[in-house]
Visitor: 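To start, I am sharing the structure in question, which I have written as C-alpha cells.
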Amino acid sequence: QQTDQFDWFSSYLRDRDLQKLWRVATGVFTLLLGAVPVMMVASPAGPRGPVAIGAAIAASLLACTAAMLWLRRWPTRRQSLTYIAVCGACIATGCLVVPDPYGGLMGATMFAAIGGFIAYFHAIAHVLANFVLAVVIAAITATRWFVQTGDGWMVVASLLLVLGLNIGVPFGIHTLVHSLHTDLRNSDRDPLTGLLNRRSFYNTVHEHLVAKQEVNVVVNVTMVDLDKFKRLNDSQGHAAGDAALAGVATVLAECSGPGAVLGRLGGEEFVVADLGAASRHVSIAERIRAG
C-alpha cells in the first residue's frame, strides 16, 4: 500500500551527493545490458532469422538509449518508469529470441536486477508487475527446454533458481527501503513536538510540489513565533516551556488541513505550508492565531 517513493529517495540521494554515483552505475549497467543482444546476434548459437535478429538489435538500441538518459542527468519519475518498461522489454526479448531455451531461462534472472532498482525507487505494484513478467518469461523458456530435453527435474530446479532470485532480491530490497523510509521519517521529526524538522520540512514541501506535476504552483506559508517564550522558560522552567511547544504543535495539527506540512524550524519557531487556495490558508492561519 506504500506510495511511489521515487521523489523522496531521489531527494535522499541528492542531499548526500550520491545521485551522480547512482546515475553512472545505472547507465553503465544498462549499457552492458544493451550489449548482450548484439553479442547474441554475433554468436553461432544466437538468434536466427530476420525477425529474431531485428528484435535483438532493436532491444540493444533501446537499452543504449535508456542508458544515455541516466548518463546525462537524473530522470523524472515518469522517465524512470519508462526506463523500467524498456529494460523489461529488452530482457524479455533477449530471453525469447535466443534458440537455446536454457540460455533464455537463465536470462530471466536479469529481471531480479531490474526488480531491485524498482524496489528502491517505486511502489510495490511496480515490483509485482516486474515479477509477473519474469514468471511469464521463465515459464515460456522452461516449457521450451522441457520439450527439447524431457529432463523435468533439471528444468524445475533451474526454474526455482530463477524464481528464487526474482523473489529474494526485489522484495528483500523493498523491505529494506521501506524500513529505511520509516526510520528516516522518524529521525527527521522533532522529538518534542513530533513535527518535521527544518530539513525534512523543506524536503516534504519539495515532494508535494513534484507530485503536483504542474507549472507555477502556489505555496502558502505561515511562520509562527511564540511571544515571550524566553520569559516563560525563565519564570516557570523548561518543563513548562516544553509543554507550551507541544501544545502549539497540537494546535497546528488540529487547525491545519490533512494536506498541510507542519514543521518546527527551531526554538519557538514553527511553520505551516500547503498548496491549497490562499483564502483557505488565511482562515487556517487565523484559527492557529486564535488557538
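Position 1 is the first residue of the sequence; numbering continues from there.
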Visitor: If we ignore hydrogens and angles and just use 3.5 Å, is the side chain of T109 paired with the main-chain N or O of M106 as donor and acceptor?
Guide: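 Confirmed, T109 side chain pairs with M106 backbone.
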
Visitor: Identify the heavy atoms of A285 and T222 that sit nearest to each other, and give their distance.
Guide: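 Scanning both residues completely, I find the closest heavy atoms to be CB-OG1, 3.9 Å.
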
Visitor: Does S200 use its side chain to pair, donor to acceptor, with the backbone of L196 at less than 3.5 Å?
Guide: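 Judged by distance alone, no pair lies under 3.5 Å.
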
Visitor: Within the distance-only criterion (no hydrogens, no angle test), does the side chain of N197 pair as donor or acceptor with the backbone N or O of G263 below 3.5 angstrom?
Guide: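 Side chain of N197 to backbone of G263: no pair is present.
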
Visitor: State, with a plain yes or no, whether a side-chain heavy atom of N220 is found less than 4.5 Å away from one of V282.
Guide: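 No, every pair of side-chain atoms sits at 4.5 Å or beyond.
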
Visitor: Nearest heavy-atom pair of P170 and A119: which atoms, and what distance?
Guide: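 In terms of heavy atoms, the two residues are closest at O-CB, 3.2 Å.
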
Visitor: Can you name the nearest heavy-atom pair linking T93 to A55, along with the distance?
Guide: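 Shortest heavy-atom separation between T93 and A55 comes out as CG2-O, 3.6 Å.
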
Visitor: Distance-only, no hydrogens or angles: does the R48 side chain make a donor-acceptor pair with backbone N or O of V98 under 3.5 Å?
Guide: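 The answer is no, because no donor-acceptor pair under 3.5 Å joins these two groups.
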
Visitor: Once rounded to the nearest 0.5 Å, what's the spacing between atom CG of L226 and atom CG of L245?
Guide: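 Rounded to the nearest 0.5 Å, the CG-CG separation comes out at 6.0 Å.
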
Visitor: Do L252 and V224 come close enough that some side-chain heavy atom pair is under 4.5 Å?
Guide: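 Yes, close enough: below the 4.5 Å cut-off.
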
Visitor: Any side-chain to backbone donor/acceptor pair from S256 onto A253? Under 3.5 Å, distance only.
Guide: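 Answer holds: no.
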
Visitor: Measure from the side-chain N and O atoms of S80 to the backbone N and O of T76, and report whether any donor-acceptor pair falls under 3.5 Å.
Guide: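 No; judged by distance alone, with no hydrogens or angles, the pair does not exist.
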
Visitor: Once you round to the nearest 0.5 Å, how far does CZ of R23 lie from CG of L69?
Guide: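 If we round to the nearest 0.5 Å, R23:CZ and L69:CG are 9.5 Å apart.
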
Visitor: Could you measure the distance from the OG atom of S283 to the CD1 atom of I288? Nearest 0.5 Å is fine.
Guide: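 The CD1 atom of I288 is 9.5 Å from OG of S283, to the nearest 0.5 Å.
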
Visitor: If two hydrophobic side chains count as joined below 4.5 Å and joins carry through other members, does W74 share a cluster with L18?
Guide: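 Result: yes, single cluster for both.
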
Visitor: Would you say that more than 12 heavy atoms from the other residues, nucleotides or ligands in this model lie under 6.0 Å from the OH of Y102, or not?
Guide: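 For Y102, atom OH is not crowded (no more than 12 foreign heavy atoms under 6.0 Å).
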
Visitor: Verify the cluster assignment for L159 and F131: are they in a single hydrophobic cluster under the rule of side-chain heavy atoms below 4.5 Å apart?
Guide: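 Linked, L159 and F131 end up in one cluster.
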
Visitor: Checking the side chain of R264 only, and the main-chain atoms of G267 only, is there a donor and an acceptor separated by less than 3.5 Å?
Guide: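 Yes.
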
Visitor: Is the backbone of A108 close enough, under 3.5 Å, to the side chain of N166 for a donor and an acceptor to pair up by distance?
Guide: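 Side chain of N166 to backbone of A108: a pair is present.
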
Visitor: Kindly compute the distance separating OG1 (T250) from CG (L195), expressed to the nearest 0.5 Å.
Guide: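 If I round to the nearest 0.5 Å, the distance is 8.5 Å.
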
Visitor: Above 12 or not: heavy atoms from other molecules or residues under 6.0 Å from CE of M154?
Guide: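 Count not over threshold, so no.
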
Visitor: Assess the residue pair Y83 and F117 against the criterion (ring pair (Phe, Tyr, Trp, His ring centres under 6.0 Å)); give the C-alpha distance rounded to whole Å, side-chain angles, the decisive distance to 0.1 Å, and a yes or no.
Guide: CA-CA 11 Å; Y83 165 80; F117 172 88; 5.4 Å; yes

Visitor: Would you say that more than 12 heavy atoms from the other residues, nucleotides or ligands in this model lie under 6.0 Å from the OH of Y120, or not?
Guide: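 Not more than 12 within 6.0 Å, no.
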
Visitor: Counting only heavy atoms not in M68, do more than 12 sit closer than 6.0 Å to its CE atom?
Guide: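 Above 12, so yes.
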
Visitor: Measuring centre to centre across the rings, with the benzene-like ring taken for any Trp, is W70 within less than 6.0 Å of F29?
Guide: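 No.
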
Visitor: For V251, does its backbone N or O pair with a side-chain atom of E254 as donor and acceptor, under 3.5 Å?
Guide: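 Not confirmed, E254 side chain does not pair with V251 backbone.
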
Visitor: Distance check, rounded to the nearest 0.5 Å: S10 atom OG versus W22 atom CH2?
Guide: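 Between atom OG of S10 and atom CH2 of W22 there are 9.5 Å.
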
